[in-house]
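Before any comments, here is the structure.
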Amino acid sequence: MKESAESLNFIEHIIEEDLANGFPQEKLRFRFPPEPNGYLHIGHAASICLNFGLGEKYQAPVNLRFDDTNPSKEEQEYVDAIKRDIAWLGFRWANECYASDYFQQLHDWAVKLIKEDKAYVDQQTSEQIASQKGTPTTPGVDSPYRNRPVEESLDLFQRMKNGEFPAGSYVLRAKIDMASPNMHMRDPIMYRIINAHHHRTGNDWCIYPMYDWAHGESDYVEQVSHSLCTLEFKAHRELYDWYLDQIYDSNLLRPKQREFARRNLSYTVMSKRKLLELVQKNIVSGWDDPRMPTISGLRRRGYTPTSIRKFSDLAGIAKRDNVTDVSLLEFCIREDLNKTATRVMAVLNPVKLVISNYPEGQSEILQLENNPEEANSGTHEVPFSRELYIEREDFKEDGGKNFFRLSLGNEVRLKSAYIIKGESVIKDDAGNILEIHCTYDPETRSGSGTEASERKVKGTLHWVSIAHAIKAEVREYDRLFLDEAPDAHEEKGFLEFINPNSLNVIKEAYCEPFLANATLDDKFQFQRLGYFTLDPDSNDGKLVFNKTVGLKDTWAKQNTQAPTQNQAKPQVQAQPQTQKKALNEIQQIGKKLTNLSGEKLETAMNSIREFAEEVTYEELEPLFGTAAKKTGTRIATMLALGVLLNKGQAKNQAILDFIESGKADENEILRAESEKLS
RNA sequence: UGAUCCAUGGUGUAACUGGCAACACGUCUGAUUUUGGUUCAGAAGAGUCUAGGUUCGAGCCCUAGUGGAUCAACCA
């Protein structure tokens, strides 16, 4: 069926196993079941890519089903946003479904359960019901209404449905087991009364099914074969199956629920509740703020569907708790944009550069490559003149050896233009640089083919002609939180970790005129700076660019490393360097010892003996306790012990025991070395 | 003080019914480069939480521990 050489995740293994056991592939069916009470985020993308990816892989239909069983929280706005985001990611659902489509069926099945004495109407307060429920460690007690006559429940349920009772006064409960170790089995509520307008059924209903009752039965109605959800629903599975048991017709397919771990991203939060809080407290500008991990936020930031799908693919699916590093997401978007983004030039922090030997009033048109990674991408025109802007950071009067940019007396290339040489600077009274004066070599124009134009210089700068530049606002973003897992702290709320500098607005950046025609979907690389895209806040007179992500910058890294470096490994240098190192070396070499033979083995053993010269007995003794199966480490320890004994170390009981255990080992080398010491 | 799930380099995932721990990101070298980008070549980094056991052989199986997560909404 599948010739895949690539590895499968555990969900795929389950499906392959089902297929191998005779489950017909054409009956495979999946679903993505969002509740329309918030926007989709990158964590949902994992589930979307999993379900729709499975659909593509097995040629199976995938339904989009809105889990709209709680009209007090759900809104049409969210339905629209969710559909937009999934479609934007490039997936197509087989059917657009709603749990509310099945309200009548669900109601009829509930009546059936009541008639079979498997459900009853309770009329206690939610507090009473909660207290009777017990705790995970203590069993619950039965409701006084648990054994009310079937007819009475039937009548009350009918009247609940007819709107005769106020919200909260009655509920329908499944009659299962108040002593079950699984809290979800302790007579779970199936229906409650809610007097709210539903976005689809309007005021047709005033009783609404709970998640557990609606979800599995909806899967059954749609004949979903594999109902995939996140781990926190694991405990619901027993109930999912119980509900199915009550209505299941063996001629039909029986859905099965399987659970995977939700995906977390470092330096952000991933729960709709918390994201909503960020929106409501105006910490961000909305669900689509470019700093948000929402699909719509990422889209506005400049992420592409390709990059998000690639990310989901690389991150994978499994069952353990995880915090995926944002750097993986950034890798994915850089990889995509590097291949597709149009190269342009823009200066964000300008300083004036005057080419003193370029004729005043003159200008010329140069060609700029659209994308060096794409042979057929062509070029566009960029005007050049005597007065330019370059980045302030690209100039230092005296740059030093490792500074590849412009400094006095040094040459650099202006990208796609000429080679220039720094000559002088003009400063104000405070010492701020106002202008840099340079000279250019007219023979060095890019692409002119002259020998001079082929000359190699250390650095290349981007630039923009002042007279021709257009202004734009540029918004740069940083992580929203300063902590890697802001919601993983018991003591502190996630809002305490907000990064106060997550947004940096540059009101006046200077762009080459080509950008005047930018449209919302365009992706640009501002050369040497990063990837940018137009923000919807742009209008006729005003361009606003979002920085999607910067280019990798090994230069910036070198410059910031000095102060940051030490926090990487704080715990190491407690002991004198050389001794610590020697023992480590011995362990390191020891680990691999059992994989070596002949000359290599001999060399390794000798270097262990050498390192042993620098080790004290006190350091070595703890290694005597090394687990029996870590033979290599034990051999290394034995060798080192030999060296110490030679140096006059007395044999104590620990040493004798260790040697004896070595002699009894099944490894030849270890036995031999132990013999030598006894 | 219960039930259930999880535990593999810094991070995320692999390793088909046991056979010398792989891939990606990240990190570090070097080369190329009219983007300190890209590309290319290479390196470091894990006896798979611990201790036992089964086996010729265990990351995979068993036992016991340890650590983490989840479960007590008329939310999903």
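Atom set for the values below is all heavy atoms of this structure, side chains included, hydrogens, waters and symmetry mates excluded. Labels below follow one simple rule: chain letters A, B, ... track the order of the sequence lines, proteins then strands, and each chain is numbered from 1.
Not one side-chain nitrogen or oxygen of A:R237 sits closer than 4.0 Å to the OP1 or OP2 atom of B:U4. Phosphate contact (OP1/OP2 of B:C28, side-chain N/O of A:K557, threshold under 4.0 Å): present. Within the 4.0 Å cut-off from OP1 or OP2 of B:G37, at least one side-chain nitrogen or oxygen of A:T554 is found. Side-chain nitrogen and oxygen atoms of A:T69 include at least one within less than 4.0 Å of the OP1 or OP2 phosphate oxygen of B:A76. At B:C71, none of the side-chain N or O atoms of A:K234 fall inside 4.0 Å of OP1 or OP2 (strictly under the cut-off).
Salt bridge A:D187/A:R146: present, at least one basic N to carboxylate O contact under 4.0 Å.
One can place CD of A:Q527 at 9 Å from P of B:G36, the figure rounded to the nearest angstrom.
Within 4.0 Å of A:R186, counting heavy atoms only, lies no atom of the nucleic acid at all. Among the heavy atoms of the strands, none lies under 4.0 Å from A:H215. A:F403 comes within 4.0 angstrom of a base, heavy atoms only. A:E330 comes within 4.0 angstrom of no nucleic acid atom, judged by non-hydrogen atoms across all strands. Counting any heavy atom pair closer than 4.0 Å across all strands shown, A:L231 reaches no nucleic acid atom. Across all strands shown, A:S327 has heavy atoms under 4.0 Å from sugar-phosphate atoms exclusively, and none from any base. Residue A:R405 is in base contact, counting any heavy-atom pair closer than 4.0 Å across all strands shown.
In this structure, A:H215 and A:Y240 have tilted ring planes: the angle between them lies in the 30° to 60° band.
Applying the Watson-Crick and G-U wobble criteria (two distances, each under 3.5 Å), B:U32 pairs with nothing in any strand. Across every strand in view, B:U63 sits in a pair with B:A51 that passes the Watson-Crick or G-U test at under 3.5 angstrom. Within the shown strands, B:U70 is the pairing partner of B:A3 under the Watson-Crick or G-U definition, both distances less than 3.5 Å.
Nearest-nucleotide assignment on RNA chain B puts the 5′-proximal partner with A:T460, out of A:T460 and A:S169. In terms of position on RNA chain B, the residue among A:L529 and A:A235 whose nearest nucleotide sits closer to the 5' end is A:L529.
Counting non-hydrogen atoms of neighbouring residues, nucleotides and ligands closer than 6.0 angstrom, the CD atom of A:E454 exceeds 12 such neighbours.
Note: A:F331 and A:F311 fail the aromatic proximity criterion, with ring centroids not under 6.0 Å apart. Ring centroid separation for the pair A:F157 and A:H107 comes in under the 6.0 Å cut-off.
B:G36 has A:F404 stacked on its base ring, the centres lying under 5.5 angstrom apart and the planes within 30 degrees of parallel. A distance cut-off of 5.5 Å between ring centres, combined with a plane angle under 30°, leaves A:Y211 outside any stacking arrangement with the base of B:A76.
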